[in-house]
Peer 1: 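I have a structure I would like to understand better, so I am pasting it below and will then ask my questions one at a time.
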Amino acid sequence: MSLLYQLLGWTLILIGLPLTLSPLPFGIILVAIGLALIMANSRSARRHLQHLRAQHKCLDEWMRKAESTVPGPFDRILRQTDTNGWQRPRD
């Protein structure tokens, strides 16, 4: 079932990307839902987001703000990618 949700997430992203250029940016909503589905069902995607948050402080700050505004199940997923106390791996 997890693979199905990931495929649905990628499909929503692919459909949403061109729609972000439309006068009503409905694509942004589709991309956000697609990303949420992927993050909820992929451990490697969450790890990748955690690495990105560790490398880019602006992204980390934006995600911390998003944790307080997104609906219940998704704030838990964002908290799992938090970089508090997590050290960036050496390159």
Side-chain angles (χ1 to χ4, degrees):
M1 199 63 162
S2 175
L3 180 63
L4 180 67
Y5 286 131
Q6 289 179 36
L7 288 173
L8 178 61
W10 283 111
T11 303
L12 288 173
I13 290 171
L14 290 175
I15 293 170
L17 284 176
L19 290 177
T20 58
L21 302 175
S22 68
L24 294 173
F26 183 66
I28 293 173
I29 296 168
L30 291 177
V31 170
I33 293 169
L35 287 172
L37 283 171
I38 292 170
M39 289 297 150
N41 293 288
S42 172
R43 188 179 322 169
S44 62
R46 287 191 298 269
R47 270 193 246 124
H48 184 67
L49 179 59
Q50 190 175 34
H51 286 282
L52 287 174
R53 287 180 71 166
Q55 292 174 350
H56 304 284
K57 293 302 172 192
C58 290
L59 175 65
D60 189 42
E61 291 172 9
W62 187 79
M63 289 291 192
R64 286 177 199 267
K65 290 177 186 174
E67 287 174 11
S68 62
T69 57
V70 297
F74 300 112
D75 69 343
R76 177 185 51 82
I77 295 165
L78 287 179
R79 274 190 254 117
Q80 288 176 353
T81 65
D82 196 357
T83 58
N84 248 356
W86 186 76
Q87 294 199 352
R88 189 173 140 208
R90 293 189 176 134
D91 296 326

Peer 1: Pick from His48, Arg53, His51, Gln50: which one makes a side-chain hydrogen bond (donor to acceptor under 3.5 Å, both in side chains) with Thr81?
Peer 2: Arg53
Peer 1: Do Met1 and Leu7 land in one hydrophobic cluster if side-chain heavy atoms of ILVMFWY residues count as linked below 4.5 Å?
Peer 2: no
Peer 1: What's the shortest heavy-atom distance between Leu78 and Met63, and which atoms?
Peer 2: CD2-SD, 3.7 Å
Peer 1: Minimum heavy-atom separation for Met39 to Arg46, with atom names?
Peer 2: O-NH1, 2.7 Å
Peer 1: To the nearest 0.5 Å, what is the distance between CG (Asp60) and CG (Leu49)?
Peer 2: 9.0 Å
Peer 1: Quick check on side chain to side chain contact (heavy atoms under 4.5 Å, CB included): which of Leu12, Ile15, Leu17, Leu19 does Val31 satisfy it with?
Peer 2: Leu17
Peer 1: Salt bridge (charged side-chain N to carboxylate O under 4.0 Å, His left out): which pairs involve residues 2-22, sequence neighbours left out?
Peer 2: none
Peer 1: Is it the case that one hydrophobic cluster holds both Leu52 and Ile77, taking links as side-chain heavy atoms less than 4.5 Å apart, direct or via other members?
Peer 2: yes
Peer 1: Taking side chain as C-beta onward, heavy atoms only, is Arg64 less than 4.5 Å from Asp82?
Peer 2: yes
Peer 1: Flag yes if Ile33 and Ile28 sit in one hydrophobic cluster, no otherwise; membership is Ile, Leu, Val, Met, Phe, Trp, Tyr, and two members link when side-chain heavy atoms are under 4.5 Å apart.
Peer 2: no
Peer 1: Report yes or no: do Leu37 and Leu30 belong to one cluster of Ile/Leu/Val/Met/Phe/Trp/Tyr joined by side chain heavy-atom distances under 4.5 Å?
Peer 2: yes
Peer 1: Evaluate whether atom CG of Leu4 has more than 12 neighbouring non-hydrogen atoms of other residues, nucleotides or ligands under 6.0 angstrom away.
Peer 2: yes
Peer 1: Applying side-chain hydrogen bond (donor to acceptor under 3.5 Å, both in side chains), which residue pairs with at least one partner in residues 8-34 are found, sequence neighbours left out?
Peer 2: none
Peer 1: Check Asn41 against Ser2 and note the closest heavy-atom contact, atom names and distance.
Peer 2: O-OG, 2.9 Å
